[in-house]
Every structure is written in C-alpha cells, then in structure tokens.
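Read the numbers this way: they start at 1 and go in the same order the structure lists the ligands and their atoms. It should be emphasised that the depicted structure is a prediction, and the values quoted were computed from it without experimental measurement.
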Amino acid sequence: MVADQVIEAAGCWVVPGLIDVHVHLREPGFEHKETIATGTRSAALGGFTTICCMPNTSPVIDNEILVEYIKLKAEREGVVHVLPVGAITKGQKGEELANIGKMAQAGACAISEDGKTVMNAGLLKKAMKYAAMFHIPMLSHCEDPTLAGSGAMHGGAYSELLGIKGIPADAEEVIVARDLLLARGTGVKLHLCHISTKGSVQLLREAKARGEQVTAEVCPHHFTLTDAAVEGYDANTKMNPPLRSAEDVKSIKRALADGTIEIIATDHAPHHEDDKNCEYENAAFGIVGLETALALGITQLVQEGYLTPMQLIAKMTLHPAKLLGIDKGTLEVGRAADMTIIDPAATYRVNMQEFASKSRNTPFHGMNLQGKIRYTLVDGKIIVEEGKLVEE
Ligand code: DOR
Ligand code: ZN
Ligand code: ZN
C-alpha cells in the first residue's frame, strides 16, 4: 500500500497505538454508564487503539456466546480494537468455574474476576491451570473482602480525620501474596491489577527476584493522587483500590522507574452522576481514565524524571502487548498500522465536558496537564485528527 496522506508531526512522538489491559465498557447491562460505542471513542481520544474490557457486566461475560457478542458488537459499533476478558467463575459468584477453554477459543484475551476476588483458593488454582493450558493470562483483582469490609477510602490518617471507614493496605497485600503463592508451578501468566501499596510492590519485587512469571499494572490515579485528595468528600476520588498514602505513592513511582511495574492501565470505570452525587460512603467505586491517562503519565512521570518517554510508552504499548501475547505494540514494518501521534509539549486544562465517555466521574477536571493526543490511527484509518474524533 502506498501512502496517500502526509501528516506533519514535527516535535511529536509517533508511537504504536496505546494498549489498555483494564477497561470497563459496561456493555451489556449498564449502558447508561458507558457503551462499546462511547467507550471506544473515549479510548481513541486518549490515544488507545486496543483495549481489554472487563467482564463485570450484566449478564457477566462468563461464556463463549457473550465473548462472541462483545467481539461482534465492537466490530460494528466500536472504533478501536476490543478484546473481551472472560470471568473466572460463572456469574462472578465465586462458586463454579466458567468454561475458560471455550471462552479462550472464542477470543477471550484473558480471564479476570475484576471487581471481586475469587476467595476459594482451590477453585482459583484450577482456573490458573486452565488459563495456562489455553495460553491466556489471569488478571487478578487483589482485595480480601473480609479485611476491606465496608471501607470507602484508604485506611490511614486521612480516613481517621475524615471519619470514613478505611480499607487497609493488607486487604490488598494478603491477596497479592496468596495469588503469587498459588500461581507457582501452575504455568499461569499472573498479572496483578491496579496495585497500590508499598507492601504489594515489595511482594512483587520479591517474586520477580525469585524469577516468577508475574507482571503488574498501576493506574494513573494511583501515581498522581494520595488519600489527601479525599478531603472535601468528592466521590470522584473514590475507587477500588483506594487512593493510598504519600509513602505508597512514592514506592509505586520508584517501582515504575526501576521496571518492577511494567504496565500502566486505566481501570476506566464509568459511573452515572447518580452513582457519584451522594455521600462518600454510598458512592460507587471507580473513575473514568481513558482520556487523561497519557497526559498524566507525561506530567507525573516523564516531567518529574521517573521515566523516559520511551519507558512511558513501552508501559502503554509493548509491555501490555507482551502480556496479552498479541502482535501489537511496535511500529515494525508489516504490522497493523495502529499508531498514535502525541504532542508532548502541548499543555491543556482537563475539561470533563469534552469527554467522549458517557460518564464524567473524574477527579482531574480542571487540572493542567502536559501532552496531547493529536492523531489516533486504527488499522491505518484516522479515528482522531487534531485531537477530535473523525466521524464516519
Ligand atoms: O474502582 C473500581 N471500579 N474498582 C473495581 O475493581 C471495579 C470498578 C468498577 O467496575 O466500577
Ligand atoms: Zn479491580
Ligand atoms: Zn477494574
């Protein structure tokens, strides 16, 4: 194919299309929060060309028919590549394994119980073996509900101060430790979702030093904000795991810098205004993230000297592609033309009214950030041009 268009990109980064392994598209069942149509447009505006969608929908994506359904719907209504993630147990009830083999054959890119933790260790170990057998990773949401209880924010000085029940760090760490232990010898590619504490980083570091097959992701909000942001009771600072202490954030940034944490993922979790515009305790967990992720990475990590531009981009392209075992995340000749063009010097103020996402639940509204998506190309087709969606 010959080029038929020239894009002026002086001073810009021309990179592989960004890949997000952790997105909630809410379809089917919660279309008032997000749909495949709106979520993929949000992704494209954020520079993403491939996203994995989590199965905590209604019904739960726990069989091959639903995996096929998401794929078909995404082909028809989406503007970026969508890879469905299958649930680990039927209905995410934690009782009976979903048919992992059939889901993998239908195109599930991974399995995950995200939003919940499979508390039955025997069942989870079996699922790890099946995931290994079918060559798909397990994306692990690490949270012991008996320790998290009805907490709504990080358990620490701020939860005391604000009078909000806390979610202690060990609610996360005990499951990180358990899953690392269970994964040994199963052959599974274990991936820890949204790790947020110093203790989780330590456990991950030790497992990697032992040579275990494990990766982890961190979300932009967890390297940008601390639990101090909850002061003011804005429910857009509520997510799971919660914003942690300054010390936790420091150790997360260090682990990004030294390569212990290889992946940045958004945990894009759209919620309707009604789910957020209420008392902190009653609000839903989760924030949107696709349209602010790259700029937060540039502003918080590159500008602050934690990562080089190449390191940041690798954590949003090559490394997620490796985890998923997909032929993406590079600009090698012959690969699909999924590409993103970024102006790393452009500054702007986040305006949630401009989001393509159906939801507006962000704590970053009004924040000044650096780094703008100029173009997003999916399979050679321009989806975003000069920061705007090109409507077909
Ligand atoms: O904050 C979160 N929101 N964490 C999760 O694990 C689930 C997600 C959601 O589905 O809203
Ligand atoms: Zn989760
Ligand atoms: Zn999630």
Side-chain angles (χ1 to χ4, degrees), residues 20-35 39 42-43 51-61 83-89 92 94 109-119 137-145 148 150-154 167 171-173 175-176 179 190-197 200 216-222 224-225 227 229-230 234-244 263-276 278 280-290 293 320 357-364:
D20 191 349
V21 300
H22 194 148
V23 172
H24 296 270
L25 287 177
R26 303 301 190 206
E27 222 183 310
F30 303 103
E31 289 84 354
H32 62 295
K33 297 176 191 247
E34 194 79 285
T35 62
S42 177
I51 57 178
C52 303
C53 65
M54 285 297 185
N56 62 340
T57 49
S58 181
V60 168
I61 304 170
L83 306 176
V85 177
I88 298 176
T89 70
Q92 287 191 314
C109 67
I111 51 169
S112 178
E113 203 83 331
D114 190 53
K116 287 182 175 175
T117 295
V118 178
M119 291 307 287
M138 176 182 280
L139 316 180
S140 187
H141 170 104
C142 299
E143 179 195 11
D144 184 323
S150 56
M153 68 175 290
H154 173 61
I167 301 171
E172 174 174 318
E173 292 154 7
I175 300 296
V176 168
D179 287 5
L190 177 68
H191 174 74
L192 306 172
C193 293
H194 45 51
I195 62 165
S196 67
T197 76
S200 294
E217 75 195 26
V218 67
C219 307
H221 45 273
H222 287 129
T224 303
L225 300 171
D227 54 351
V230 180
D234 177 3
N236 290 325
T237 60
K238 181 175 176 181
M239 71 291 289
N240 201 4
L243 297 173
R244 300 290 190 183
I263 294 177
I264 293 173
T266 64
D267 197 4
H268 177 83
H271 285 295
H272 190 267
E273 204 185 327
D274 295 347
D275 302 311
K276 285 293 195 179
C278 56
Y280 205 87
E281 283 85 348
N282 297 328
F285 286 99
I287 61 167
V288 291
L290 288 165
S357 170
K358 217 177 228 193
S359 292
R360 303 274 179 266
N361 50 315
T362 177
F364 302 117

Per atom 9 (C) of ligand 1, closest listed option by heavy atom (Arg26, Met239, Met54): Arg26
Residue of the set Val85, Leu83, Thr266 for which side chain to side chain contact (heavy atoms under 4.5 Å, CB included) holds with Val23: Thr266
Option with minimal heavy-atom separation from atom 1 (O) of ligand 1, where the choices are Asn361, Asp267, Asp114, Asn240: Asn240
Contacting atoms of ligand 1, where contact means under 4.0 angstrom from a heavy atom of Gly115: 6 (O), 7 (C)
Atom of Asp267 nearest the Zn ion (ligand 3) (restricted to N/O/S, atom name only): OD1
Aromatic plane relationship, His32 with His272 - under 30° parallel, 30 to 60° tilted, over 60° perpendicular: tilted
Subset of ligand 1 atoms that lie under 4.0 Å from at least one heavy atom of His271: 11 (O)
For Gly286, the ligand 1 atoms whose distance to one of its heavy atoms is below 4.0 Å: 1 (O), 2 (C), 3 (N)
Rounded to 10 degrees, the angle NE2 of His194 makes with OD1 of Asp114 at the Zn ion (ligand 2): 120°
Polar contact flag for Phe285 and ligand 1 (N/O pairs, less than 3.5 Å): yes
Smallest separation among heavy atoms of Thr57 and Arg26, with atom names: CG2-C, 4.0 Å
Atoms in ligand 1 with a heavy atom of Ala269 nearer than 4.0 Å: 3 (N), 8 (C), 9 (C), 11 (O)
Nearest-neighbour protein heavy atom for atom 8 (C) of ligand 1, which is reported as residue plus atom name and distance: His24 NE2, 3.8 Å
Smallest separation among heavy atoms of Asp114 and Gln92, with atom names: O-NE2, 3.3 Å
Donor-acceptor under 3.5 Å (Ser359 side chain, Lys33 main chain): yes
His24 backbone or side-chain N/O/S under 2.8 Å from the Zn ion (ligand 3): yes
Student check: side-chain heavy atoms of Asp275 and Asn361 closer than 4.5 Å: no
Spatial distance of atom CG (Leu225) from atom CD1 (Ile287) [nearest 0.5 Å]: 7.5 Å
Numbered atoms and elements of ligand 1 in range of His141, under 4.0 angstrom, heavy atoms: 6 (O)
Heavy-atom donor-acceptor pair, His222 side chain to Pro241 backbone, under 3.5 Å: yes
Lys358 (side chain) donor-acceptor with Glu31 (main chain) under 3.5 angstrom: yes
Among the N, O or S atoms of His141, the one nearest the Zn ion (ligand 2): ND1
